[in-house]
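Encoded as structure tokens, the structure appears first; notes follow it.
Note that ligands are numbered from 1 as they come in the structure, with each ligand's atoms numbered from 1 the same way.
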Amino acid sequence: MAEEFIPQYGLAGRIKTAVGDMWAEGLFPPADTHFYSAIYHDWPPEKCRFLTRKSFDSLPSGGRIILHEMLFHDDKTGPFPVAAFNITMLLWVTGQQYSGRELAEMLAEAGFRDIKVTPTFGYWSIVTGVKP
Ligand SMILES: C[S@@+](CC[C@H](N)C(=O)[O-])C[C@H]1O[C@@H](n2cnc3c(N)ncnc32)[C@H](O)[C@@H]1O
């Protein structure tokens, strides 16, 4: 699907896709940015930490990780639609919705710096970090 959308936005020269199993041992193919959209919420924290470490090890210095998720408030009091989505994740997969603070901590733990939580659209945000 990404291959279909990338040229529609004139980004064919800047974005590549790669088919693969993200749980495979070894590094991801060379890239300067890793974009995980609605991936971390499918998995428990230890699996998310695995992906974060794998991205950190695979990216070059200056490389960036971007996590796109519907975030809980840091104190987990809401928003209500995120809490409702969280129930779906708990029942349907092994994941959960995370707060910006939880994802920022995961990135920091792996070694990413310049970590930012930025609202994007509706209840969605991106959490970004840069490899020193
Ligand atoms: C919730 S969907 C998110 C899809 C898309 N990124 C989006 O934002 O709409 C989770 C995605 O993880 C992919 N996925 C699950 N296990 C995977 C694995 N082992 N390696 C690579 N992708 C995997 C699924 O194929 C699915 O497309």
Given the protein's heavy atoms, is any one of them under 4.0 Å from [atom]?
| atom | answer |
| --- | --- |
| atom 24 (C) of ligand 1 | no |
| atom 3 (C) of ligand 1 | yes |
| atom 27 (O) of ligand 1 | no |

Worksheet item: Does an N or O from Asp21, backbone or side chain, lie closer than 3.5 Å to an N or O of ligand 1?
Response: yes
At what distance is the nearest protein heavy atom to [atom], and which residue and atom is it?
| atom | result |
| --- | --- |
| atom 21 (C) of ligand 1 | Gly20 O, 3.4 Å |
| atom 5 (C) of ligand 1 | Ser37 O, 3.7 Å |
| atom 10 (C) of ligand 1 | Asp42 OD2, 3.3 Å |
| atom 20 (N) of ligand 1 | Met22 N, 2.9 Å |
| atom 1 (C) of ligand 1 | Ala38 O, 3.2 Å |
| atom 12 (O) of ligand 1 | Ile39 CD1, 3.4 Å |

Practice prompt. Mark yes when over 12 heavy atoms from residues, nucleotides or ligands other than Phe28 sit less than 6.0 Å from its CZ; otherwise mark no.
Written response: yes
Worksheet item: CH2 of Trp92: more than 12 outside heavy atoms within 6.0 angstrom?
Response: no
Worksheet item: With a 6.0 Å cut-off on ring centres, are Tyr36 and His68 close enough?
Response: no
Discussion item. Would you say the ring centers of Phe56 and Phe112 fall short of 6.0 Å from each other?
Written reply: yes
Fill in: Criterion salt bridge (charged side-chain N to carboxylate O under 4.0 Å, His left out) on Lys76 and Glu102, from CA distance to verdict
CA-CA 10 Å; Lys76 298 282 184 90; Glu102 286 172 316; 3.1 Å; yes
Worksheet item: Any idea which atoms of ligand 1 are less than 4.0 Å away from a heavy-atom of Trp23?
Response: 19 (N)
Practice prompt. Give a yes or no on whether the backbone of Arg101 and the side-chain of Asp74 come within a donor-acceptor separation of less than 3.5 Å.
Written response: yes
Worksheet item: Quick one: do Ile15 and Leu59 end up in the same hydrophobic cluster if we chain Ile, Leu, Val, Met, Phe, Trp and Tyr together by side-chain heavy atoms under 4.5 Å apart?
Response: no
Worksheet item: Taking the six-membered ring of Trp23, is the NZ or CZ of Lys47 close enough (under 6.0 Å from the centre) and on axis enough (within 45°)?
Response: yes
Discussion item. Yes or no: does Ala24 have any heavy atom under 4.0 Å from an atom of ligand 1?
Written reply: no
